[in-house]
2 protein chains.
Amino acid sequence: MVREDIHTTGIPVLCVSCEARHRGICGALNPDQLVALSKSTKRHRAETGKELMSDCGSVDRFSNVLSGVVKLTKTLSDGRQQIVGLQFAPDFLGRPFQAESTLTAEAATNVELCSFPRQTLERMMKEQPDLEHRVLEQKLRELDQARDWMVALGRKTAAEKIASFLLMIARNIDPAAGPEHRVTAFDLPLSRAEIADFLGLTIETVSRQLTRLRGDNVIRIDNNRHIVVGDLARLAARSGD
Amino acid sequence: MVREDIHTTGIPVLCVSCEARHRGICGALNPDQLVALSKSTKRHRAETGKELMSDCGSVDRFSNVLSGVVKLTKTLSDGRQQIVGLQFAPDFLGRPFQAESTLTAEAATNVELCSFPRQTLERMMKEQPDLEHRVLEQKLRELDQARDWMVALGRKTAAEKIASFLLMIARNIDPAAGPEHRVTAFDLPLSRAEIADFLGLTIETVSRQLTRLRGDNVIRIDNNRHIVVGDLARLAARSGD
DNA sequence: CGTCAAATTGAGGGCTGTCAATCGCGGTGG
DNA sequence: CCACCGCGATTGACAGCCCTCAATTTGACG
């Protein structure tokens with residue numbers, strides 16, 4: 001499934017070292033198609049907090065996440081928020097076959113994106129079934145993740161939610177590593193408020209549970225954001241599943 | 001997108017009046033392909049409670065739901081359960097490109113299914129991109145629904161969850177109707193215990209909230225299962241979004 | 001050193017869970 | 001026909017987890 005990468009003849013400069021060409025959707029494209037897509041491609045950065053798509057806004061560009069973390073949120077009419085997904089490099093960001101977005105995408109950290117017109121991608125998906133296949137695989141992974149979080153949201157305690165969250169970040173924060181790899185030290189990509197919105201909790205409960213994990217010597221916390229997991233097994237034992 | 005249906009020449013008898021050929025994934029197939037698929041197709045019924053796929057079990061057949069409701073559940077190690085999806089006719093039931101299931105599928109009501117070997121479908125998806133496209137569209141809808149429920153699970157109160165649930169059933173229980181149609185009287189496809197597992201609540205809380213909706217004359221309840229929504233707008237007003 | 005936002009900590013209350021008793025309905029058998 | 005049973009649903013009392021509100025601390029930055 002991983003694309004051979006011996007010669008890079010004819011591949012756009014932008015794409016040569018791009019992770020999306022290896023594990024992302026662009027791996028389905030041949031050099032000519034990469035050239036065609038890259039004509040309307042824009043690579044750019046977005047600062048933490050920048051809104052990338054907005055609920056009920058029209059969407060005319062999709063993106064690959066090249067680095068950083070993007071959060072997908074939904075908001076109720078009275079302001080309550082829920083984060084419904086986190087995307088890491090080299091995830092594909094966008095909802096094909098729908099002009100209006102039903103959620104908001106926001107840069108949770110500084111991010112690098114590679115974006116392209118929605119219609120270009122949808123046309124190429126028609127012409128190149130492998131591309132649509134890659135998108136399907138990505139969306140199936142997102143669906144699996146969404147369902148895992150439904151269990152956490154509906155049935156786990158606050159302590160279990162926090163443990164599950166930390167494990168999930170440990171699995172995904174390193175863009176180079178494979179799916180089963182877990183780092184034991186990392187910077188949280190989310191603030192306490194965002195973690196609360198992700199786990200269906202309040203800021204205070206998130207803080208209390210993190211403090212408790214630190215008190216029990218399961219993790220260390222430096223500068224509020226940096227987490228060192230001392231005992232991965234003990235953290236996993238507290239995740240509920 | 002809806003398939004023309006003037007002549008039915010060459011279409012397998014089983015498929016002629018099948019809803020999956022109109023709004024389901026089989027709409028992507030031409031008569032020859034339908035014949036090919038129908039060779040390894042089995043149509044069968046399953047009683048309420050019958051397990052259709054099991055967590056960690058191998059999956060060698062996918063299905064279309066022709067009637068009834070299928071529930072998708074996940075279970076934590078200590079027995080806590082969460083329903084992570086409901087499938088109505090003519091939904092496609094299965095997780096392509098993965099031999100092992102990560103969830104359990106169970107007949108919530110008596111259901112009719114049309115099943116076919118996983119490998120046959122995956123091969124046809126390769127040969128017929130339209131079919132893969134249909135699967136993608138279905139999985140994108142499931143993802144949208146999963147994210148809507150994440151908001152409910154994480155941020156809605158018990159009362160709002162119940163109201164949202166009733167509205168969702170009203171939208172989906174009638175297989176013939178379109179997506180924006182809502183019926184005002186229907187039989188609940190789930191028991192109180194199942195509703196609780198769907199909404200991340202307990203049986204008692206579900207019962208109390210239904211009783212309250214009845215007391216406020218928003219709904220009527222006959223025989224525990226039959227619901228008549230007296231005031232759809234007032235129910236929607238209590239759904240939170 | 002002062003300012004400000006983010007995070008922590010504490011006290012108290014409410015929503016929902018837990019446990020237990022009762023109700024209602026359908027089925028079975030006398 | 002009626003008593004009995006079994007299961008799901010309802011109702012009540014109480015407790016606990018998490019939320020709310022508020023004060024304090026911490027850390028980043030000028």
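Chain letters run A, B, ... following the sequence lines, proteins first and then strands; every chain starts at 1.
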With sequence neighbours left out, which residue pairs that include part of residues 185-241 of chain A fulfil the ring-ring contact (aromatic ring centres under 6.0 Å, His included) condition? A:Trp149-A:Phe198, A:Phe165-A:Phe198
Tell me every residue that passes salt bridge (Lys or Arg N to Asp or Glu O under 4.0 Å) with B:Arg95, counting only those two or more places apart in sequence or in another chain. A:Asp144
What does the inter-axis angle of the helix from C:dC1-D:dG30 to C:dG30-D:dC1 come out as, five pairs per end, nearest 10 degrees? 30°
Taking the side chain from A:Arg220 and the backbone from A:Val228, do they hold a donor-acceptor pair closer than 3.5 Å? no
Strand-adjacent residues in residues 75-88 of chain A, judged by heavy atoms under 4.0 Å from DNA chain C: none
side-chain hydrogen bond (donor to acceptor under 3.5 Å, both in side chains) between A:Asp55 and A:Thr104, worked out: CA-CA 5 Å; A:Asp55 193 2; A:Thr104 299; 5.1 Å; no
List in chain and number order the residues that pass side-chain contact (heavy atoms from CB on, under 4.5 Å) with A:Asn224, two or more places apart in sequence or in another chain; answer none if no residue qualifies. A:Arg192
Listed partners of A:Lys161 passing salt bridge (Lys or Arg N to Asp or Glu O under 4.0 Å), at least two apart: none
Outer limits of DNA chain C sitting under 4.0 Å from a non-hydrogen atom of chain A, read 5' to 3', are C:dA7 to C:dA11
A:Leu201 near the nucleic acid: base, sugar-phosphate alone, or nothing, with a heavy-atom cut-off under 4.0 Å? sugar-phosphate
Specify the separation, in whole Å, of atom CD1 of A:Ile203 and atom P of D:dT20. 11 Å
Is the distance from OP1 or OP2 of D:dT11 to the nearest side-chain N or O of B:Thr211 less than 4.0 Å? yes
Contacts of A:Asp216 meeting salt bridge (Lys or Arg N to Asp or Glu O under 4.0 Å) (sequence neighbours excluded), chain-then-number -> A:Arg238
Carboxylate-amine/guanidinium contact B:Asp241 A:Lys74, below 4.0 Å: no
Starting at atom CZ of B:Arg214, determine the distance to atom P of D:dT10, rounded to an integer number of angstrom. 7 Å
Closest heavy-atom contact between A:Asp91 and A:Leu86? OD2-O, 4.4 Å
Heavy atom of residues 147-160 of chain B under 4.0 Å from DNA chain D: which residues? none
Using only heavy-atom distances, determine whether the side chains of B:Ser239 and B:Glu160 contain a donor-acceptor pair under 3.5 Å. no
Just distance, no hydrogens or angles: give the donor-acceptor pairs under 3.5 Å from side chains in residues 201-208 of chain A, sequence neighbours left out.
| unit_1 | atom_1 | unit_2 | atom_2 | d |
| --- | --- | --- | --- | --- |
| A:Thr202 | OG1 | A:Thr205 | N | 3.3 |
| A:Thr202 | OG1 | A:Thr205 | OG1 | 3.0 |

Residues pairing under ring-ring contact (aromatic ring centres under 6.0 Å, His included) where one sits in residues 48-85 of chain A, two or more places apart or in two chains, turn out to be A:Phe62-A:Phe92
Interface polar pairs with nucleotides 21-30 of chain D, N/O, under 3.5 angstrom:
| unit_1 | atom_1 | unit_2 | atom_2 | d |
| --- | --- | --- | --- | --- |
| D:dC21 | N4 | A:Glu204 | OE2 | 2.9 |

